[in-house]
Amino acid sequence: MMNTLVAVAIAPCGTGEEMSEYVASVIRVIRESGLPHRTNSMFTEIEGEWDDVMRVVKEATAVLTDQGIRAEVVLKADIRPGFTDMMHSKTEKVDKIIGKDEGRGAV
């Protein structure tokens with residue numbers, strides 16, 4: 001199993017200042033993929049098997065390129081064999097550490 005967590009931003013180029021309609025159509029493909037995902041203001045995280053995640057990234061990019069729109073893709077991947085649900089467990093570990101630190105108080 002090759003679990004993969006990616007943070008991806010797929011944006012159109014040359015379509016003007018407002019991109020939200022285009023970005024929404026890209027994110028719709030990701031959400032309909034069935035893979036675990038989480039969207040914030042800058043990136044969408046997708047988690048799953050390498051081939052499945054890359055297929056979704058390709059299909060989401062094609063939403064733009066199939067319309068003749070140039071697409072810019074920024075992607076960061078964390079491939080960690082033997083691990084799952086990294087999207088949540090990574091932040092839970094940090095939150096746990098911060099919670100311990102908050103109990104110490106200022107010196």
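Computed over heavy atoms, backbone and side chain alike; hydrogens, waters and symmetry mates excluded.
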Trainee: Is Val8 reachable from Ile69 through a run of hydrophobic residues whose side-chain heavy atoms are each under 4.5 Å from the next?
Mentor: yes
Trainee: If you group Ile, Leu, Val, Met, Phe, Trp and Tyr by side-chain heavy-atom gaps below 4.5 Å, do Val23 and Met42 land in one group?
Mentor: no
Trainee: So, Arg55 and Glu59, do they make that salt bridge, N to O below 4.0 Å?
Mentor: yes
Trainee: Do Met87 and Phe83 belong together in a cluster built from hydrophobic side chains that touch within less than 4.5 Å?
Mentor: yes
Trainee: For the residue pair Ala11 and Leu64, what are the closest heavy atoms and their distance?
Mentor: C-CD1, 3.8 Å
Trainee: Report yes if the side chains of His37 and Leu35 come closer than 4.5 Å at any heavy-atom pair, otherwise no.
Mentor: no
Trainee: Kindly determine whether Asp52 and Val56 satisfy side chain to side chain contact (heavy atoms under 4.5 Å, CB included), including the steps that lead there.
Mentor: CA-CA 6 Å; Asp52 296 335; Val56 171; 5.8 Å; no
Trainee: Using a 6.0 Å cut-off, check whether atom CD of Gln67 has over 12 heavy atoms from anything other than its own residue.
Mentor: yes
Trainee: State whether the side chain of Glu18 and the backbone N or O of Ser20 hold a donor-acceptor pair below 3.5 Å, judged by distance alone.
Mentor: yes
Trainee: When you compare the side chain of Glu45 with that of Leu5, does any pair of heavy atoms fall below 4.5 Å?
Mentor: yes
Trainee: For Thr91 and His88, which heavy atoms make the closest approach, and how far apart are they?
Mentor: OG1-O, 3.0 Å
Trainee: Any chain of hydrophobic side-chain contacts (each under 4.5 Å) joining Tyr22 to Val26?
Mentor: yes
Trainee: Can you tell me if Arg70 has over 12 outside heavy atoms packed within less than 6.0 Å of its CZ?
Mentor: no
Trainee: Would you give the length of the straight line joining atom CD of Glu32 to atom CZ of Arg28, rounded to the nearest 0.5 angstrom?
Mentor: 7.0 Å
Trainee: Can you hop from Ile30 to Trp50 via hydrophobic side chains spaced under 4.5 Å?
Mentor: yes
Trainee: Can you name the nearest heavy-atom pair linking Pro12 to Met19, along with the distance?
Mentor: O-SD, 3.6 Å
Trainee: Determine, step by step, whether Met86 and Glu47 satisfy the side chain to side chain contact (heavy atoms under 4.5 Å, CB included) criterion, reporting the C-alpha distance in whole Å, the side-chain angles of both residues, the deciding distance to 0.1 Å, and the verdict.
Mentor: CA-CA 8 Å; Met86 293 189 302; Glu47 187 167 4; 3.6 Å; yes
Trainee: If every non-hydrogen atom of Phe43 is compared with every non-hydrogen atom of Ala7, which pair is closest and at what distance?
Mentor: CD2-C, 3.8 Å
Trainee: Using modelled atom types only, decide if a donor and an acceptor are shared between the side chain of Thr4 and the backbone of Met2 within a distance under 3.5 Å.
Mentor: yes
Trainee: So how far is it from Leu75 CG to Thr44 OG1, rounded to the nearest 0.5 Å?
Mentor: 11.0 Å
Trainee: With rounding to the nearest 0.5 Å, note down the distance linking CD1 in Ile79 to CD in Glu49.
Mentor: 11.5 Å
Trainee: Lys90 and salt bridge (Lys or Arg N to Asp or Glu O under 4.0 Å): which single residue from Asp95, Asp85, Asp78 fits?
Mentor: Asp78
Trainee: Which pair of heavy atoms, one from Ile10 and one from Ala60, lies closest together, and at what distance?
Mentor: CD1-CB, 3.7 Å
Trainee: Considering non-hydrogen atoms only, spot the tightest contact between Asn3 and Thr84 and give its length.
Mentor: ND2-CA, 3.9 Å
